[in-house]
Each structure stands twice: as structure tokens, then as C-alpha cells.
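I have placed the structure first, in the form of C-alpha cells, so that the comments after it can refer back to it.
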Protein chains: 2
Amino acid sequence: MADEVKLYRTWSSPYGLRIVWAMHIKGIEYENVFEDLSQKSPQLLQYNPVHKKIPVLVHKGKPICESLVILEYIDETWKETTPLLPQDPYEKAMARFWAKFVDDKLLPSVTSVFTEKGYEAKKEALVPAVQNLELIEEQLKGKKFFGGESIGYVDLVLGWMAFLLDVFEEVIDLKLFDAHKFPLLSGWMKNFCDAPAIKQHLPPRDRLVTKYQLLHEKYQTTSN
Amino acid sequence: MADEVKLYRTWSSPYGLRIVWAMHIKGIEYENVFEDLSQKSPQLLQYNPVHKKIPVLVHKGKPICESLVILEYIDETWKETTPLLPQDPYEKAMARFWAKFVDDKLLPSVTSVFTEKGYEAKKEALVPAVQNLELIEEQLKGKKFFGGESIGYVDLVLGWMAFLLDVFEEVIDLKLFDAHKFPLLSGWMKNFCDAPAIKQHLPPRDRLVTKYQLLHEKYQTTSN
């Protein structure tokens, strides 16, 4: 089966890791194809001519692009294994709403703290990021994971937060996340990273720090 | 049943109209609640506290926000009627990919032609918009609608184009869409607007022209 399922990704992209984690949660055999984004392979450009981005999942020769679309495809194709999305249409709609919120609002707001130049600009960018985190914190009330007792769709979409926030904090030398202010998210981050399907498939922290240090230097020194 | 399903929208929002059309295609009774976005109702703010935007579908007292999320909810809740999304997981993934492309790429690129100041800037903004239209044109090869023989999810998501492009052209006095260059999209626009569920639920053209004339004047005269 491994030759039937290929995942084009990079070692560190949180979008690609969403798919890696989903594959391991559902126990699907697949082959990783690591891309160098500075020199994209002809295969990647052929499979995702519209966005020319990873991740791309190729299943039986047919490509699927966009991580949220891939996650739903995986859940619908390998139905017999651990479900990622709730079955109830309303609960499913809520999961889709919050996944979209993470990608459209939370992730860009946290990223802008990283990319803004200088302490004052970063502090200012932190305000909407914290407001977005507060909205996410509320969604965890009474639950271990966003998916309930086990990791689901929203957990995978938010997964980047569990391992990247403290890398960002180290690199930019600014507190992004106060565990006392966000006790539920703080607990979720630990539970998420401790889950076997995730723990064994997290990028090495030291490599992440090096990567984001270089990226941060670039953002701080180049003009907008 | 009408009292069980309420749709918060405006008379002209393409996002709200996606839901109107879906309800009529599927034959679902519902009540329209028209919002004045300059003075949002307490109900709208209560139902969509995160984005404070229309459309919101309220079903049995529970709100669903974001038009793409609402469309999937409708399709999964009223399963027994005309399906909007394909059943096959791969075809479904393709529909989701193109719907996301319309919202993330095509719609913003066309909107920017409208909002840019002056003829030269508009002509420049037209380049990526036309490239995006070319990608969409390709998807119609061999098909009457994006959904095949009948209107489906991607058709509803792209529906704004069928009735707004020529309104935009009149208002900004610039050709956006060359029917000879896009024969398939041109045919689709006609077929879409002629379908009974759509035709009876399009905003009056003269009101649209007035609305967008005022909006365009605002964009042309205010500083960025």
C-alpha cells in the first residue's frame, strides 16, 4: 500500500505535519517525499500547478492539495479507522468553523508577532493574537482535546501551536503565551505532544530554532 | 419547518445568496432575516460573536457561520434532497479545493480590480484576475456546470460572478471579462442565471449598480 500513498512535504511545515499526524493516527502506510522549497521538484509543480505548495497527498496517482482538504479526504477515504471529524453535521460544522478560524485568523496573527520589526511593533501585534487565543481557549472547556477524548481535526489543524510557540518565544525573546492565562490550552499542548502519533513525528527542536532564527533575522533586517 | 430555519443575510451579499440558492435547490423552507450591516442586530452579534458577519444559518436554535461551512452543513443535514457536493471522496476534495480557490484567490483578485484607484492600477490588477479566471475556465471542460449536469457546491460558491461581473464592468467602465476568451464560463454564467432556483433569487440589477457605484466612488476618493 505504501507505494499507493505519497506525501509531498518538508521536514518542518506545520501544514505537512497535519497530514503526517493524521496518517499515523489512522494507521495508513505512506511514503514521505521531502521537498526543497527553494528548488521545487517537477513532480510537485505538476501535482499542484495552482499553488505550487506543499503538502500534496498523492493517492493512486491522483493529487490532493490544501491541508484542510487533504484531512477531510483522508477521513472520508479511510473511514474504517479512527475518525478525525465528528459524525454529527452540527459538530462537524463547528470543527470546520474553528479550523478555518485557525488558518484565517489565529495563525496569521501569531505569525505577525514573529515577522513584525522590533519590540514595540511585536507587542502591538500580540494584542489580536492573544484575543484569538482566548477564543480558542474557550473551545476547550470540559474537553481534553478539541475532538473530545481523542485527537481530531481541529487538534491537527492547531498542532503547530503545541510545538512552535515556545520556539518562537526563544527566537524573538518575547513571551507569547502565558500558561496561567490559558490553562486549558497549556494542558492541551502537553497532551497533544505526548500522544504517541504526534510525539514520534515532531521536528527536532534544535533544528526548528536554527531555522526560525535565520528566518527571524531576515524579517528584522529586510525592508517591508 | 420555516420557524426552525432562519437565514441572517443582506439583500445583496454573494455569501448570503450562496445559502439562499442552496435552500431553494434543496427545497428547504426557511425564513430570511435581513441585516443592516451599519447597525448589526443583537441576534447577529450573539450568533456570530467571532466574525460578526452574515450569513448565519440558525437551525433549531443553533447558529452556523461561514458560507462554505453552512453549505456543507445543509448538504449533510438535508441528505435526502438534491446533493450539492459529489459523493466520491476525490471528487469532493476537488470541489472543496476549487471553492477555496474561489474565496482565497479569485474573489480577492477580482475585488482588487474594483477597489484599485484609476485606470492604470485597475489594468494592472486585472492581470492576476484573468489568470485566475483561466484556471476556472479549464475546470468547466466537458461540463455544463462545475457540479456536472446540475448546479452544485462550486457553482454556488462562484455564483457571484454570474451576476456581478457585468455590474462591476458598468460601474468601473472597464472590460473585466471577454466572452470569447472564456467561452465555457460565459455559457456557464447564462446557464446558472437561467436556472429557476437562481433566477428567482437574484438581487435587482439596478439596485446593485447603485450600491456598487456608491462603493466605487468611496474607494476612488478615500486614501488607502
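Computed over heavy atoms, backbone and side chain alike; hydrogens, waters and symmetry mates excluded.
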Highest number of heavy-atom pairs under 4.5 Å with chain B among A:Lys62, A:Gln131, A:Glu66 belongs to A:Lys62

Please indicate whether B:Lys143 has more than 12 foreign heavy atoms, meaning atoms of other residues, nucleotides or ligands, lying under 6.0 Å from its NZ.
-> yes

Got a sec: does the CD of B:Glu80 have more than 12 other heavy atoms crowding it under 6.0 Å?
-> yes

Quick one: sort the A:Tyr90 and B:Tyr73 rings into parallel, tilted or perpendicular, breaks at 30° and 60°.
-> perpendicular

Say you draw a straight line from CZ of B:Phe97 to CD1 of A:Ile64; how long is it, rounded to the nearest 0.5 Å?
-> 11.5 Å

B:Glu124 atom CD: more than 12 heavy-atom contacts under 6.0 Å | no

Taking every heavy-atom pair that is under 4.5 Å apart, which of A:Glu72, A:Lys105, A:His59, A:Met94 has the most such pairs with chain B?
-> A:Glu72

Quick check: are there more than 12 heavy atoms from other residues, nucleotides or ligands sitting under 6.0 Å from NZ of B:Lys53?
-> no

When rounded to the nearest 0.5 angstrom, what is the spacing between CG in A:Leu68 and CG in B:Leu68?
-> 11.0 Å

Look at atom NZ of A:Lys26 and say whether more than 12 heavy atoms of other residues, nucleotides or ligands are closer to it than 6.0 Å.
-> yes

Minimum heavy-atom separation for A:Thr77 to B:Pro89, with atom names?
-> OG1-CB, 3.6 Å

Supply the atom-to-atom distance B:Glu76 CD to A:Gln87 CD, rounded to the nearest 0.5 angstrom.
-> 9.5 Å

